[in-house]
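Computed from a prediction, not measured in an experiment: that's the story for all the values here. Keep in mind that the numbers below use all heavy atoms, side chains included, and drop hydrogens, waters and symmetry copies.
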Amino acid sequence: MMNIEVRQVEKFETLVDEFENRLNEMKNETLEAQQLFFRAIEELEEKFSTSLRAVAMDLIDRFARDELDQEYFDDDEAMSLVVDKDTCMSVLTSSHDNHVGKIQKKEDEARSSEMRRFQECMSKYLGDESTRNRDRVLQVHEFSRQSKASLHALLATDDDDGFDDDDHGK
């Protein structure tokens, strides 16, 4: 029975190695897809930010040439940004940096989540197999102990019946 269990463990190790390799390939493909996705999002943010800066520069230039009057802006904050070009560009750059930072944080979270799922999956299967193997080895040892005890009890009963080993052969 112990030999059967040893073969079972060897088969499990072979299967789990193959499973781990395939799961690792899938994890790597997922991480690559995530990276492509987040690079595309960053590229869109860059295009948006560039377009926003161009619109802001156009408004600032038109306001400086007196092509826009103050009533064009119904918000005092917007008006103050158009009046101060450096502050406006600084706010837009900060906004862009903030957005890129959030995108990168989400990418890190997604990568960490994928790595954690991989580790949890492998740990679960390895832990379950370890528990199964430990229980099976204990069962084999208990069966062996009980069998030996039963055999000793049978031998002791034969001795109590008054039969010698020599009498059995005659």
Side-chain angles (χ1 to χ4, degrees), residues 1-60 75 77-78 81 85-159 165:
M1 287 194 309
M2 195 58 86
N3 287 338
I4 293 171
E5 182 58 23
V6 167
R7 280 185 271 156
Q8 177 71 22
V9 168
E10 289 170 354
K11 286 180 181 180
F12 175 81
E13 287 174 355
T14 301
L15 289 173
V16 83
D17 284 345
E18 182 65 25
F19 176 74
E20 183 176 19
N21 290 338
R22 288 185 183 180
L23 189 62
N24 195 36
E25 288 172 9
M26 290 173 33
K27 176 194 70 164
N28 289 338
E29 289 172 7
T30 300
L31 292 174
E32 186 177 321
Q34 286 177 354
Q35 187 175 17
L36 290 172
F37 171 78
F38 284 106
R39 292 302 76 76
I41 296 292
E42 283 180 357
E43 186 177 317
L44 290 172
E45 168 56 30
E46 185 64 40
K47 286 179 183 178
F48 173 77
S49 181
T50 300
S51 297
L52 186 59
R53 279 189 288 249
V55 168
M57 284 301 297
D58 181 54
L59 287 174
I60 290 169
D75 187 330
E77 286 183 49
L81 285 175
K85 177 181 174 183
D86 291 336
T87 301
C88 182
M89 290 299 117
S90 176
V91 166
L92 293 177
T93 299
S94 294
S95 174
H96 170 68
D97 292 345
N98 187 23
H99 289 148
V100 169
K102 286 181 179 182
I103 291 168
Q104 290 172 345
K105 180 181 177 189
K106 289 294 183 184
E107 180 180 12
D108 290 344
E109 289 172 1
R111 183 183 314 109
S112 295
S113 177
E114 191 63 33
M115 298 296 281
R116 185 177 54 252
R117 273 194 298 259
F118 173 80
Q119 291 299 331
E120 287 172 354
C121 184
M122 291 308 302
S123 293
K124 177 192 178 311
Y125 288 117
L126 292 172
D128 289 351
E129 172 58 14
S130 177
T131 300
R132 187 209 60 79
N133 175 255
R134 185 175 50 249
D135 290 346
R136 184 66 180 146
V137 168
L138 290 173
Q139 287 172 354
V140 168
H141 284 297
E142 181 61 21
F143 178 75
S144 176
R145 187 193 64 75
Q146 287 176 353
S147 296
K148 286 177 184 177
S150 294
L151 183 60
H152 288 303
L154 284 173
L155 290 174
T157 312
D158 282 349
D159 290 342
D165 287 339

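- To the nearest 0.5 Å, atoms CG (L23) and NZ (K27) are separated by 8.0 Å.
- At a threshold of 4.5 Å between non-hydrogen side-chain atoms, the residues F118 and M26 do not count as touching.
- Between the CD atom of Q8 and the CD atom of E13 there is a distance of 11.0 Å, given to the nearest 0.5 Å.
- To the nearest 0.5 Å, atoms CD (E129) and OH (Y125) are separated by 12.5 Å.
- A distance of 4.0 Å separates NE2 in H141 from CE in M2, rounded to the nearest 0.5 Å.
- Look at K124 and E120 and you find no salt bridge, because none of the NZ, NE, NH1 or NH2 atoms lies under 4.0 Å from a carboxylate O.
- Looking at Q34 and L31, their side chains come closer than 4.5 Å, going by heavy atoms from C-beta outward.
- The neighbour count for M1 CE, taken as heavy atoms of other residues, nucleotides or ligands under 6.0 Å away, is above 12.
- For the pair E10 and T14, the minimum side-chain heavy-atom distance is 4.5 Å or more.
- Around atom CD of E18, more than 12 heavy atoms belonging to other residues, nucleotides or ligands sit under 6.0 Å away.
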Inset, instruction - Please lay out, stage by stage, how R134 and S130 fare under the test side chain to side chain contact (heavy atoms under 4.5 Å, CB included). - result: CA-CA 6 Å; R134 185 175 50 249; S130 177; 3.8 Å; yes
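- The pair E5-R132 counts as a salt bridge, with a side-chain nitrogen and a carboxylate oxygen less than 4.0 angstrom apart.
- Expressed to the nearest 0.5 Å, how far CE of M89 lies from CE of M57 amounts to 5.5 Å.
- Of the charged side-chain nitrogens involved, none lies within less than 4.0 Å of a carboxylate oxygen, so that R111 and E114 do not count as a salt-bridged pair.
- With hydrogens and angles ignored, the 3.5 Å screen pairs no side-chain donor or acceptor of S90 with any backbone N or O of D86.
- In this structure, the side chains of V16 and M122 come closer than 4.5 Å at one or more pairs of heavy atoms.
- Residues R145 and E142 are in side-chain contact: their nearest non-hydrogen atoms beyond the backbone lie under 4.5 Å apart.
- Checking side-chain atoms of S49 against main-chain N and O of E45 turns up no donor-acceptor pair under 3.5 Å.
- Looking at heavy atoms from C-beta onward, S144 lies in side-chain contact with K148 at the 4.5 angstrom threshold.
- Checked by atom type, the side-chain pair Q119/R116 shows no donor-acceptor distance below 3.5 Å.
- Salt bridge status for R53 with E46: present, with a side-chain N to carboxylate O gap under 4.0 Å.
- Here CG of D108 is found 12.0 Å from CD1 of I103. Values are rounded to the nearest 0.5 Å.
- A salt bridge links E107 with R39: the closest approach of a Lys/Arg side-chain nitrogen to an acidic carboxylate oxygen falls below 4.0 angstrom.
- A 6.0 Å sphere centred on CZ of F19 holds more than 12 heavy atoms belonging to other residues, nucleotides or ligands.
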